[in-house]
Structure formats: C-alpha cells, structure tokens
Amino acid sequence: MNGNVESEADVEGDKAVALSDAFTADCPARTVLNHVSSRWGVLILAALQEGPMRFYVLRNRIGGISEKMLSQNLRVFVRDGLIAREVEATVPPQVTYSLTPVGRELAATLGGLVEWITYRIGDIVAARERHDEAS
C-alpha cells in the first residue's frame, strides 16, 4: 500500500477529531460549549439536577431570568438533546422539563463548578477587593 494514501479508518478518525475539537472555529462542540456556558445555561442545567420542573417553577428557581431567555435556552437545550420537554394533554397544556441522560451527565459536571464557585466565593471577593485597593 502506498504510504501517501490514507486508509478509510484514518479519514474517519480525522473527521471525529475535527468534530470534537472545540478549539476549531467551526467545530459543533464549540456551539454546544457556547450554549452550556451562556449566561443562563449553567444555571438552567444545574437547577434541573433537582428534578423535573414546570416552566414557571424553573423560572422562579433561577432568580433574574426572563421568561423569554428561559424559553430560548430551553429550546436550544431540547434541540441539543440535553433537556426533554414533556407536554401533558391537559387544558391548558402542562409542560415539564427534565434532563436527558446526557444532560444529567453534563449537569453533574456543571454542578461541581457551581459548588466550587460557591465554596470559593469568599476568596474570590477578597481577591477582587485587594486588586481594587491596589489599583
């Protein structure tokens, strides 16, 4: 076999790497990273770790989020397969949101980030104050 010819497995492997390199500008992983790390993404996913929630319960759990932003983020996460949307055939319809298995895996990781920030917030605030005083 010619050394310059790539095997089919090599080409497929290169495609897999290209699809999973968030440092590449057009990588789909970067798009998901942007969704997850958006202003509200982490909080939505972390809140749903507590269990399935109706829209207004979730909105109330995440202080400061508008209905519009919550709705937009939920649509994105449903499309990404991280959140499941269940509509109950009642009048009016009741919609419940929950994490999918992949969403639960991600939320557990993000939950660690939220816990770390909560644990270290005193150190961070003190560092900010020291920095501001020195400036």
Side-chain angles (χ1 to χ4, degrees):
M1 184 170 187
N2 185 337
N4 294 333
V5 177
E6 291 185 273
S7 72
E8 190 173 318
D10 290 339
V11 171
E12 289 300 316
D14 289 344
K15 286 181 185 176
V17 170
L19 288 175
S20 64
D21 184 1
F23 291 97
T24 304
D26 60 349
C27 176
R30 185 179 288 187
T31 302
V32 175
L33 181 62
N34 288 338
H35 297 165
V36 170
S37 63
S38 71
R39 179 174 182 186
W40 300 110
V42 171
L43 294 174
I44 291 168
L45 294 166
L48 285 172
Q49 270 190 297
E50 298 170 10
M53 292 185 193
R54 304 248 331 261
F55 182 89
Y56 291 107
V57 173
L58 185 56
R59 184 205 60 197
N60 293 342
R61 178 69 179 99
I62 304 169
I65 192 169
S66 69
E67 290 182 17
K68 177 183 176 182
M69 288 309 301
L70 179 57
S71 180
Q72 287 176 356
N73 278 274
L74 287 170
R75 272 195 299 276
V76 166
F77 287 139
V78 168
R79 182 171 183 252
D80 286 344
L82 301 174
I83 292 178
R85 181 179 186 269
E86 183 182 329
V87 180
E88 297 174 38
T90 60
V91 178
Q94 295 182 356
V95 180
T96 303
Y97 296 92
S98 60
L99 295 171
T100 64
V102 173
R104 279 193 297 275
E105 184 180 328
L106 175 59
T109 301
L110 294 174
L113 174 65
V114 172
E115 287 176 20
W116 181 87
I117 291 170
T118 302
Y119 179 75
R120 289 295 185 184
I121 193 62
D123 297 329
I124 294 167
V125 169
R128 286 179 182 172
E129 292 171 354
R130 287 190 305 273
H131 178 271
D132 292 349
E133 288 172 6
S135 296

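From a predicted model like this one, the values you see are computed outputs, not experimental measurements.
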**Q** Side chains of I83 and L74, heavy atoms from C-beta outward: is any pair under 4.5 Å?
**A**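 Side chain of I83 against side chain of L74, heavy atoms only: contact under 4.5 Å found.
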**Q** I need the full list of side chain to side chain donor-acceptor pair (under 3.5 Å) pairs touching residues 49-64, with sequence neighbours left out, sorted by first then second residue.
**A**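 Every side chain to side chain donor-acceptor pair (under 3.5 Å) pair that includes a residue of residues 49-64, provided the two are not neighbours, is E50-R61, R59-E67.
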**Q** Would you say L110 and V76 are hydrophobically clustered, going by side-chain heavy atoms of ILVMFWY under 4.5 Å?
**A**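 No, L110 does not connect to V76 through the hydrophobic network.
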**Q** Can L48 and F77 be said to form a side-chain contact (heavy atoms from CB on, under 4.5 Å), step by step?
**A** CA-CA 12 Å; L48 285 172; F77 287 139; over 6 Å; no
**Q** Can you name the residues that form a side chain to side chain contact (heavy atoms under 4.5 Å, CB included) with I62, not counting sequence neighbours?
**A**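 Testing I62 for side chain to side chain contact (heavy atoms under 4.5 Å, CB included), a comparison that skips the adjacent residues, returns W40, L43, I44, A47, L58, I65.
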**Q** Sort and list the pairs that fulfil side chain to side chain donor-acceptor pair (under 3.5 Å) and have at least one residue in residues 87-115, not counting sequence neighbours.
**A**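 Listed once each, the pairs are R85-Y97.
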**Q** What heavy-atom pair brings G81 and V102 nearest, and what distance separates the two atoms?
**A**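 Here G81 and V102 meet closest at O-CB, 4.4 Å.
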**Q** Does T24 reach the side chain of D26, with side-chain heavy atoms less than 4.5 Å apart?
**A**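 Counting from C-beta outward, T24 and D26 do come under 4.5 Å.
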**Q** Which value, rounded to the nearest 0.5 Å, describes the distance between Q72 atom CD and S66 atom OG?
**A**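 Here the rounded value is 7.5 Å.
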**Q** Are L106 and L99 close enough that some pair of their side-chain heavy atoms sits under 4.5 Å apart?
**A**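 Not touching, per the 4.5 Å side-chain cut-off.
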**Q** Any side chain to side chain donor-acceptor pair (under 3.5 Å) pairs touching residues 74-83, not counting sequence neighbours?
**A**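 Non-adjacent pairs meeting side chain to side chain donor-acceptor pair (under 3.5 Å): H35-D80, S71-R75.
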**Q** Excluding sequence neighbours, so at least two apart, what forms side chain to side chain contact (heavy atoms under 4.5 Å, CB included) with T118?
**A**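 T118 satisfies side chain to side chain contact (heavy atoms under 4.5 Å, CB included) with V114 once adjacent residues are dropped.
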**Q** Minimum heavy-atom separation for S38 and G41, please, with both atom names.
**A**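 So the minimum-distance heavy-atom pair works out to OG-N, 3.0 Å.
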**Q** Look at the side-chain heavy atoms of Ile, Leu, Val, Met, Phe, Trp and Tyr, link any pair under 4.5 Å apart, and say whether L33 and F23 land in one connected group.
**A**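 No; tracing contacts between hydrophobic side chains, which count when under 4.5 Å, never links both residues.
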**Q** Please list every donor-acceptor pair under 3.5 Å in which a side-chain atom of residues 124-135 meets a protein atom from a residue at least two apart or in another chain.
**A**
| residue | atom | partner | partner atom | Å |
| --- | --- | --- | --- | --- |
| S135 | OG | H131 | O | 2.9 |

